[in-house]
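Heads up: the structure comes next, in structure tokens.
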Amino acid sequence: MNKQSTPRPTKHAHRRYMKLFIPAMALYLFSMIGISIARKQDTLPEPLLYVVSIIPAVFIVIWILGHMRYINELDEFLQKLQIKAVLFGLAGIMIIATIWGLMEELANVPALPVFYIVPGFYFIYGLAYIIIAKRAGVKGWGAYL
Amino acid sequence: MKNRLKVLRAERDWSQAVLGDKLDVSRQTINAIETGRYDPSLPLAFKIARLFERSIEDIFEQPPKENKGEDNA
């Protein structure tokens with residue numbers, strides 16, 4: 001039987017994801033710092049600030065798309081674990097957003113920035129993945145490599 | 001679902017990683033199948049059967065039929 005010399009798909013997917021994730025996060029941080037400095041120094045006019053504010057979001061979108069590609073490239077078992085964790089992340093953040101949104105509308109609690117939705121999702125997704133992977137017998141860094 | 005994957009792999013002296021490479025899946029997936037935590041898809045089951053030159057039924061044991069939900073009236 002022919003032995004294929006292709007790298008293990010999961011490892012390959014992880015490498016491709018990290019190659020995208022690290023530069024995207026670095027550029028996100030640099031752009032956030034740059035925009036914050038420019039805003040403090042009043043070097044950018046108001047209309048331009050609207051446009052420039054979108055720049056960090058571009059890197060977040062690239063990261064999310066990279067994550068989708070990563071899940072797509074995993075084998076069927078690891079893909080199932082990831083999809084379960086994503087569902088928990090989405091359900092968790094929607095529940096929190098709904099509860100907080102109703103409290104804002106009906107009980108005058110302070111408004112939270114919508115910006116927190118993505119980090120909130122990734123926090124819940126991350127926790128869910130740790131639990132799901134542990135229950136499925138996938139331990140340590142082996143879950144990712 | 002019970003299976004004979006671990007036995008067949010041991011007969012060939014392959015590690016989980018080696019078998020994973022041959023099937024284009026991760027070591028974790030092999031481990032999950034062997035321990036019965038995950039039932040492979042039909043294409044993967046066929047791939048495993050082809051690799052070991054056995055039928056799917058030779059490798060995977062059909063779970064006993066459940067009586068739950070049957071009308072006893």
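In what follows, chains are A, B, ... by sequence order, proteins preceding strands, each numbered from 1.
Both A/L90 and A/V118 are members of a single hydrophobic cluster when ILVMFWY side chains are connected at heavy-atom separations under 4.5 Å. In the hydrophobic cluster analysis, where Ile, Leu, Val, Met, Phe, Trp and Tyr join through side-chain heavy atoms closer than 4.5 angstrom, A/V114 is grouped together with A/I35. Residues B/I48 and B/L42 are members of one and the same hydrophobic cluster, defined by side-chain heavy-atom contacts under 4.5 angstrom among Ile, Leu, Val, Met, Phe, Trp and Tyr.
No more than 12 heavy-atom neighbours from other residues, nucleotides or ligands sit within 6.0 angstrom of CZ on A/R135. Residue B/E11 places its CD atom among more than 12 non-hydrogen atoms of other residues, nucleotides or ligands, all under 6.0 Å distant. No more than 12 heavy atoms of other residues, nucleotides or ligands shown are found within 6.0 angstrom of CE on A/M68. For A/F88, the CZ atom sits in a loose shell: 12 or fewer heavy atoms of surrounding residues, nucleotides or ligands are nearer than 6.0 Å.
The side-chain contact (heavy atoms from CB on, under 4.5 Å) test with A/D75 singles out one residue from B/D24, B/L23, B/V25, and that residue is B/V25.
Contacts between residues 31-39 of chain B and chain A, defined by a heavy-atom separation under 4.5 Å, are made by B/N31, B/A32, B/R37, B/Y38.
B/P43 does not touch chain A: none of its heavy atoms, backbone or side chain, sits under 4.5 Å away.
Distance check, rounded to the nearest 0.5 Å: CG of A/L74 to OG1 of B/T29 gives 8.5 Å.
When atom types are taken as modelled, the side chain of A/E76 and the backbone of B/S41 share a donor-acceptor pair closer than 3.5 angstrom.
Qualifying side chain to side chain donor-acceptor pair (under 3.5 Å) partners for B/D58, counting only residues two or more places apart in sequence or in other chains: B/S55.
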